[in-house]
Protein chains: 2
Amino acid sequence: MPTPTHRLTPQRKVILEELRNTRSHPTADEVYQLVRKRLPRISLGTVYRNLDFLHSQGLVCKLDKAGSQMRFDAFTVPHLHITCVRCGKIVDLPAETATVKLHVPKDVPFEIQGHWLELFGLCPDCKSQSRNAGHGKHDHQTK
Amino acid sequence: MPTPTHRLTPQRKVILEELRNTRSHPTADEVYQLVRKRLPRISLGTVYRNLDFLHSQGLVCKLDKAGSQMRFDAFTVPHLHITCVRCGKIVDLPAETATVKLHVPKDVPFEIQGHWLELFGLCPDCKSQSRNAGHGKHDHQTK
DNA sequence: ATATCTGCAAAGGATTTGCACGAGT
DNA sequence: ACTCGTGCAAATCCTTTGCAGATAT
């Protein structure tokens, strides 16, 4: 399905490599900063375009639900994420960490295709500084 | 916790009423359009400020993971959402529609506080027009 | 009086886009 | 030659903020 004329340019190669070298789910701007060390003349626009391109090729994942900014990773095996509610850090978890069972009422006017689950909590760093705990940022499901 | 000097101004009242009169999970701008019919001189900034205020009072929910824009609802009973991958429409589902079981490895360096689950699929309207199906927008968990 | 709110307009941050030049075939 | 990709800057979209005037107690 990729048009055969797409090229693996140096920019795309370096972006993918940098993404594969980190486990930190960087934002587009963070990718830009990383890549710039090796390609000082690259532009942020190119980074955005190529992250999109690599995403369309199935080579990187786009985490659009991770906060106000999009985050990316090149770890394409299905897995879960846990996000620190304080600092926003994201850590991978094996997919088997959670099981979701659906009991969908018959009358739901939707063809359900799948689900998206993410966990949230406090990372060790933020846990230690933890004083002002309750901030009510998550409404539902904060069981 | 709310300072006792907060007022229920006309703007706040109307915003809350409009939000309670719809099941459509409107964006801030959509709330603004609705409210403007009754308070033509209200500003978008006020709508944002008051949606935040009502959220801080626990009167409205802020759906920050529903897409690129924030969405709001005044239905504060815990429940789930299903989002149409085509048109973005959101529909409520009872909380019991899904059960999540966690089997968290001992070595996860996080204090898990909770989870967030959302469903996605095709709404009836989009289902009928459904021709160009596969768009690979969701990466993980698209079982 | 005084603290809270409002409307307005400007600023802000993240992402996308238009365009002319550069690179690969 | 021709298409695709890049850098740069400007534009866009959503949201937040500063400020001076208005409102309620």
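Here is how names work: the chains are called A, B, and so on, in the same order as the sequence lines, proteins then strands, and each is numbered from 1.
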* Any side-chain N or O of Thr46(B) under 4.0 Å from OP1/OP2 of dC5(C)? -> no

Sorted by number, residues from residues 38-45 of chain B placing a heavy atom under 4.0 Å from DNA chain C are Arg41(B), Ile42(B), Ser43(B)

**Message:** Using a 3.5 Å distance criterion without hydrogens, assess whether the side chain of Thr22(B) forms a donor-acceptor pair with backbone atoms of Leu19(B).
**Reply:** no

His81(A) vs His79(A) aromatic rings, parallel, tilted or perpendicular, using cut-offs 30° and 60°? perpendicular

Rounded to whole Å, the CD-C1' distance (Gln11(A) to dC21(C)) equals 14 Å

* Asked: side chain to side chain contact (heavy atoms under 4.5 Å, CB included) between Leu119(A) and Leu102(B): does it pass, once the steps are laid out?
  -> CA-CA 10 Å; Leu119(A) 308 182; Leu102(B) 299 183; 3.9 Å; yes

Check your understanding: Less than 4.5 Å apart, any side-chain heavy atom of Thr97(B) and any of His103(A)?
Key -> no

CE of Met70(A) to OG of Ser68(B), rounded to nearest 0.5 Å, is 7.5 Å

The single option from Thr46(A), Val47(A), Val35(A), Leu16(A) that satisfies side chain to side chain contact (heavy atoms under 4.5 Å, CB included) with Gln11(A) is Thr46(A)

Exercise. So, is His6(A) near the phosphate of dT3(D), with a side-chain N or O under 4.0 Å from OP1 or OP2?
Worked result: no

Comparing Phe72(A) with Arg12(B), nearest DNA chain C nucleotide closer to 5' gives the residue Arg12(B)

Separation of dC8(C) atom C1' from Arg36(B) atom CZ, nearest Å, is 13 Å

Atom CE of Met70(B) and atom C1' of dT16(D) are separated, to the nearest Å, by 10 Å

query: Do the side chains of Ile112(B) and Val100(A) join up, straight or via other hydrophobic residues, at under 4.5 Å, putting them in one cluster?
result: yes

Between its two end axes (five pairs each) the helix from dA1(C)-dT25(D) to dT25(C)-dA1(D) turns, nearest 10 degrees, through 10°

Atom CG of Leu51(A) and atom P of dG5(D) are separated, to the nearest Å, by 15 Å

Phe53(A) CZ to dG5(D) C1', in whole Å, measures 10 Å

Closest non-hydrogen atoms of Glu30(B) and Pro26(B), given as atom of the first, atom of the second and distance, are OE1-CA, 3.0 Å

Could you go through the side chain to side chain contact (heavy atoms under 4.5 Å, CB included) check for Lys65(A) and Trp116(B) one step at a time? CA-CA 10 Å; Lys65(A) 307 238 163 41; Trp116(B) 187 278; over 6 Å; no

- Query: Is a salt bridge present between Lys37(B) and Glu18(B), judged by a nitrogen-to-oxygen distance below 4.0 Å?
  - Reply: no

To the nearest angstrom, the NZ-P distance between Lys13(B) and dC5(C) comes to 16 Å

Rounding to 0.5 Å, atoms SG (Cys61(A)) and CG (Leu54(A)) come to a distance of 11.5 Å

**Request:** Have a look at Asp29(B) and say if it touches a base, only the backbone sugar-phosphate, or nothing, with a 4.0 Å heavy-atom cut-off.
**Result:** nothing

Under a 4.0 Å heavy-atom criterion, the protein footprint on nucleotides 18-25 of chain D, written with B, S and -, is B----BB-

dist Leu122(A):CG -> Lys89(A):NZ (nearest 0.5 Å) comes out at 10.5 Å

Tyr48(A) atom OH is separated from dC13(D) atom P, nearest whole Å, by 16 Å

Between CD of Gln69(A) and C1' of dC13(D) the distance, given in whole Å, is 15 Å

